[in-house]
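Please read the structure below before turning to the comments.
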Amino acid sequence: MEVTKFLKRVQTEDFYAGQIAHKHTIPARSARFAELSPPLPAKLARLLKDTGVEKLYVHQAEAVKLLRGGEDTVVVTSTASGKTLCYNVPVLSSLLEDPEARALYLYPTKALAQDQLRVLQRYMGPKGIEFRAGTYDGDTPASSRRKLRDEARVLLTNPDMLHSGILPNHAKWANFLSRLRYVVVDEIHSYRGVFGSHVANVLRRLDRIAAHYGARPVIAASSATIANPGEHAEKLLGRAVRVVAEDGSPRGRKQFLFWNPPTIDVGEMERRSSNIEAAELVTRLVLDDVQTIAFVRARVVSEVITRYAREMLGKHRSSMKDSVHPYRGGYLPEERRAIEKRLFDGDLKAVISTNALELGIDVGALHASIIVGYPGSIASTWQQAGRAGRGKDEAITIFIPYNTPLDQYLASHPEYFFGRSPENAIIDPGNPHILMAQLRSAAFELPLEAGEVEAAGEYAPSILELLEDEREIAFVRGKYYWTGKGYPSADVNLRNISPNIYTIVNEKAGNSVIGTIDESSAFQQVHPQAIYLHEAETYFVNTLDTEKKVAFVEPANVDYYTQSITETQVKVDREEKSREWRIAKVSFGDVSVTSLTFMFRKIKFGSRDSIGYGKCDLPPQVLETAGLWIVPPPETFAEVRRHGRTPGEGLLGVSNVLREVLPLFVMCDPLDVGTTVNSRSTDSPAVYVYDKYPGGLGFSLKAYDLVEEIMKAALDLISSCTCARGCPSCVGSPIPPFSQLDPETGGKGMIPDKEAALVMLHHLLEIGPYTPRAVERAPGEGTPPERPRGKPLPLELQGKLRAELHKKARAK
Amino acid sequence: MSERRIDLKRELEELKKRAEGVFTARRSAIPPRPRTAAVRLADAAAGEETAGARGVFYRIRADAPAIWPDAPAFHREYLEALAGAFFPPAPPFAPLRALRDVPPERAFYLDIETTGLGGAAPLFLVGLMYSSGASLVVDQLFARDYSEEAAVLSYLAGLSRRFDALVTFNGISFDVPYIRDRATVHRIAFAPPAVHVDLLHVARGVVAGRTPNHRLQTLELHLCKRKRIGDIPGAEIPGAYHEFVRTGDAKDVANILHHNRLDLVTMLQLVTIFLSSRS
Ligand SMILES: [Zn+2]
């Protein structure tokens with residue numbers, strides 16, 4: 001694509017008003033090839049040639065060589081650099097060399113496994129290599145399962161299926177497992193936090209079962225760019241690995257643009273809609289015949305932008321209307337396959353997608369990617385940017401911030417984005433909660449031997465002792481045997497998602513299923529009277545049957561969509577323990593986090609005006625978990641106020657920082673914990689940290705003992721942040737509270753006052769005195785009247801008054 | 001005990017408390033420990049330690065009269081029915097025809113007791129029954145703990161080769177695949193005889209609709225006109241066995257062995273009844 005020309009022309013269009021806030025050029029890079037030694041079997045070499053592969057890039061050659069030499073390897077190169085070939089080549093060559101060889105491919109999603117099966121099929125058949133391969137997942141019909149077990153030489157599945165379907169029934173898989181030569185673990189960066197910690201254990205279980213049947217497969221892993229690929233791979237796979245990171249693939253020049261919608265009022269507070277800007281750009285690109293992918297955070301936004309873009313395209317060339325399509329979770333699998341295929345074939349010009357397409361599904365060469373709103377991490381942003389550009393062609397990535405403090409911060413600080421390394425992936429396979437769940441499954445599969453238990457983590461022997469007390473395990477003649485009931489792996493869900501999936505059916509089309517949605521999203525998006533968007537069409541929700549888990553909808557031609565409003569409250573159910581921490585009180589116990597979707601707004605397409613409200617009558621959703629809470633003393637609030645700052649903002653800033661800092665101390669992903677500020681259960685406002693898993697997974701429990709270290713780290717992080725008033729890396733949360741909503745319709749969130757947080761932390765940590773920077777005023781705001789000051793309330797009285805308020809609130 | 005260890009204990013106590021929710025249902029199902037004096041295995045069941053290629057196990061062999069006073073009579077009726085059987089062409093009887101074509105002492109009855117329903121849970125008892133001349137023998141291969149399963153299976157694999165036919169109740173979907181899976185895990189080659197008569201399949205055709213269901217004990221009640229009293233319910237067997245392994249108290253082992261024998265003898269009687277039911 002001719003990016004320069006496109007940019008020139010766009011700047012002459014009517015809608016252009018200086019949106020390009022920043023331009024960053026990533027220079028082109030030429031391909032570097034390497035010879036393979038030892039050479040491949042002649043048949044495979046010919047087959048590669050037939051599929052257009054003449055030579056291997058340096059990273060491919062290196063990976064193939066290592067893997068064929070029996071070394072466990074992780075490949076960390078850019079999107080579209082030919083990572084798949086790195087493992088397909090050694091696997092295919094093993095199939096040729098050894099008629100009994102088998103390989104197991106693991107992908108984080110079913111869709112990806114199906115996509116990669118299509119890649120493998122290019123090598124199959126009479127002209128290629130004769131072998132069977134298939135996907136094995138929850139959708140595989142029972143009738144095909146046995147055939148796959150007996151005949152497939154390459155099996156493509158996911159960790160969940162390995163955990164609950166294959167390993168517990170390993171005797172039936174003995175033939176396959178005993179011949180296992182390679183295990184491919186693709187996209188390992190997606191195995192993070194609790195999910196990653198579970199997967200690490202599942203892989204160890206696979207290792208011991210394979211070993212039981214006499215196999216020691218070589219592991220081929222791949223990862224997108226993260227800060228710690230080698231370390232992460234070793235922890236995840238439980239083996240030392242070789243890291244291949246020297247990317248030999250060619251790359252055309254890439255322009256990375258920050259496209260900030262223009263302000264539309266004198267005060268420069270309001271901006272033109274980012275969704276509409278995105279649609280405009282998609283339209284221009286499609287008219288120029290440039291295949292484009294736009295990434296959005298929320299499902300609803302993919303529908304809204306598609307709608308806008310279709311409308312705009314219709315005005316230019318009505319035949320082009322259908323060349324834009326939404327893509328997101330919740331579509332039926334066959335619908336998704338059809339969109340992927342149309343995109344691959346070039347028939348579809350643009351797709352507006354959630355991160356469902358972020359993982360490596362092959363949709364061919366796209367030339368432009370548009371990122372609408374910050375995806376929440378540097379790593380994700382690069383992944384999405386990487387979707388544009390293949391080979392030597394020039395490509396473009398356009399980041400369109402929303403008019404939220406966080407996105408606007410990024411828009412005005414491009415150096416923040418380009419100067420930072422991507423995030424670390426953190427896992428903790430030894431987390432006692434996870435380990436207990438996994439040891440139960442492992443013991444069920446084969447008795448655990450003393451040596452294995454020692455290797456399973458420092459807590460493993462004690463956990464087994466505990467399971468023995470519970471009569472789930474018996475230690476007999478030096479081995480731990482499972483003596484509990486049922487299938488322990490059925491008790492564990494590797495991912496933190498509700499197993500309850502609602503179907504969405506069209507009542508006017510014979511109750512045909514048009515999509516699916518998980519339970520918590522169902523409450524927010526398909527409550528009665530909601531407008532559900534599907535393929536950019538509007539459907540009215542008649543009923544939400546929470547028993548049968550069905551939403552009944554019918555097509556309705558309306559000019560608005562709906563956005564629900566959910567209130568989340570945390571409360572203490574039982575305080576288990578508490579202690580004085582310096583001048584504050586810190587407690588740990590059971591908390592419940594209640595989300596109630598109580599109303600919705602009707603938003604007019606285009607203008608984004610609220611044109612009405614409605615009530616939702618839905619039961620609250622309650623997460624009962626473990627949490628800790630820190631209650632600063634009244635003196636700390638007084639100190640913040642003394643500097644003319646707002647204590648609430650300080651507390652919110654601390655709570656946001658905790659979410660950044662905590663994962664490093666308790667070994668989890670930032671998405672595994674929640675932090676918030678609330679005063680319902682305490683006499684004055686408190687910061688809460690809770691585990692986002694029913695019953696808790698030990699994160700906040702561990703944090704309770706480490707409050708001093710964690711708070712010091714929080715202070716360090718804010719103090720050393722070079723931003724002036726607060727940014728997403730310190731007091732601003734990069735993750736919006738309701739990520740399912742259209743960011744243009746909800747609350748904007750805020751980056752709280754950094755100085756207030758600093759005053760608060762200095763006071764709590766008894767370091768000081770700290771003098772904050774002078775209070776700044778936004779330009780043009782003038783000087784507001786000072787807050788009147790009277791006699792300070794005695795501290796006890798303050799506490800009493802607050803208690804009274806809370807009592808009233810509770811009485812309601 | 002070192003300090004770290006105490007600390008660990010404390011942490012795990014907490015973990016345990018937090019995990020309680022997950023286990024409540026399961027724990028309440030565990031029977032309380034017996035308060036009576038422990039019973040030794042040798043007293044519960046007279047058998048002997050037997051050695052095979054894969055180690056030792058406990059084998060309990062008994063002739064029919066020792067099993068049950070009526071058993072020799074059942075066996076005589078069975079032999080007569082087999083010898084005199086006239087087979088109508090109706091499909092339900094076809095599997096029984098195969099049984100008649102095999103000398104009685106070349107067919108064995110089989111029923112297993114396991115610690116679970118899936119292929120990864122060990123089995124611990126293989127009950128066999130066969131004719132030996134004019135007498136009927138029950139031969140039970142018992143694993144005194146989980147580690148003896150391989151010995152039981154390997155012994156069974158050897159024994160199985162000496163027979164031409166196998167009779168089970170639901171063995172096509174349960175017993176045989178279960179044994180095969182467990183044998184695979186222990187890398188033991190197990191090949192059942194070529195002829196396998198699954199009485200569940202025969203019963204479905206023969207008694208169709210005349211009993212509330214086709215469970216063995218239902219058929220026993222309606223066809224053999226016998227109701228078991230004091231028999232250990234199948235669902236309690238795994239727990240009772242685990243308890244024996246844990247404590248060494250064999251008070252329930254006799255019940256399990258008895259339950260297994262009742263199943264075997266009932267199967268034999270069902271064959272007699274099916275063979276005479278055409279009249
Ligand atoms: Zn900052």
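These numbers come from the heavy atoms of this one structure, side chains and all, not from hydrogens, waters or symmetry mates.
Only the side chain of Arg187(B) comes within less than 4.5 Å of a heavy atom of chain A; its backbone N, CA, C and O stay farther away. Only the side chain of Leu446(A) comes within less than 4.5 Å of a heavy atom in chain B; its backbone stays farther off.
The two residues Ala171(A) and Thr184(B) come nearest to each other via the heavy atoms O-CG2, 3.7 Å.
Residues satisfying the side chain to side chain donor-acceptor pair (under 3.5 Å) criterion with Glu454(A), sequence neighbours excluded, are absent altogether. Remark: Phe190(B) engages no residue in a ring pair (Phe, Tyr, Trp, His ring centres under 6.0 Å) (not counting sequence neighbours). Not counting sequence neighbours, Tyr58(B) has no partner by the ring pair (Phe, Tyr, Trp, His ring centres under 6.0 Å) test.
For residues 155-167 of chain B, heavy-atom neighbours of chain A at less than 4.5 Å comprise no residues at all.
Atoms OH and CD, from Tyr481(A) and Glu149(B) in turn, are 8.5 Å apart once rounded to the nearest 0.5 Å. Put simply, CZ on Arg477(A) and CD on Glu148(B) are 5.0 Å apart, with the number rounded to the nearest 0.5 Å.
More than 12 heavy atoms of other residues, nucleotides or ligands sit less than 6.0 Å from atom CZ of Arg208(A). Annotation for Arg495(A): atom CZ counts as buried by contact number, over 12 foreign heavy atoms lying within 6.0 Å. By the neighbour-count criterion of 12 heavy atoms within 6.0 Å, atom NE2 of His186(B) is densely surrounded, having more than that number from other residues, nucleotides or ligands.
Within the 4.5 Å cutoff, side-chain heavy atoms of Val185(B) are placed close to those of His212(A). Tyr146(B) places a side-chain heavy atom less than 4.5 Å from the side chain of Thr483(A).
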Exercise. Could you walk me through whether Lys485(A) and His242(B) pass the side chain to side chain contact (heavy atoms under 4.5 Å, CB included) test, one step at a time?
Key: CA-CA 11 Å; Lys485(A) 290 187 177 177; His242(B) 290 316; over 6 Å; no
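Between Arg246(B) and Glu468(A), none of the side-chain N atoms (NZ, or NE/NH1/NH2) sits under 4.0 Å from a carboxylate O, so this pair counts as no salt bridge.
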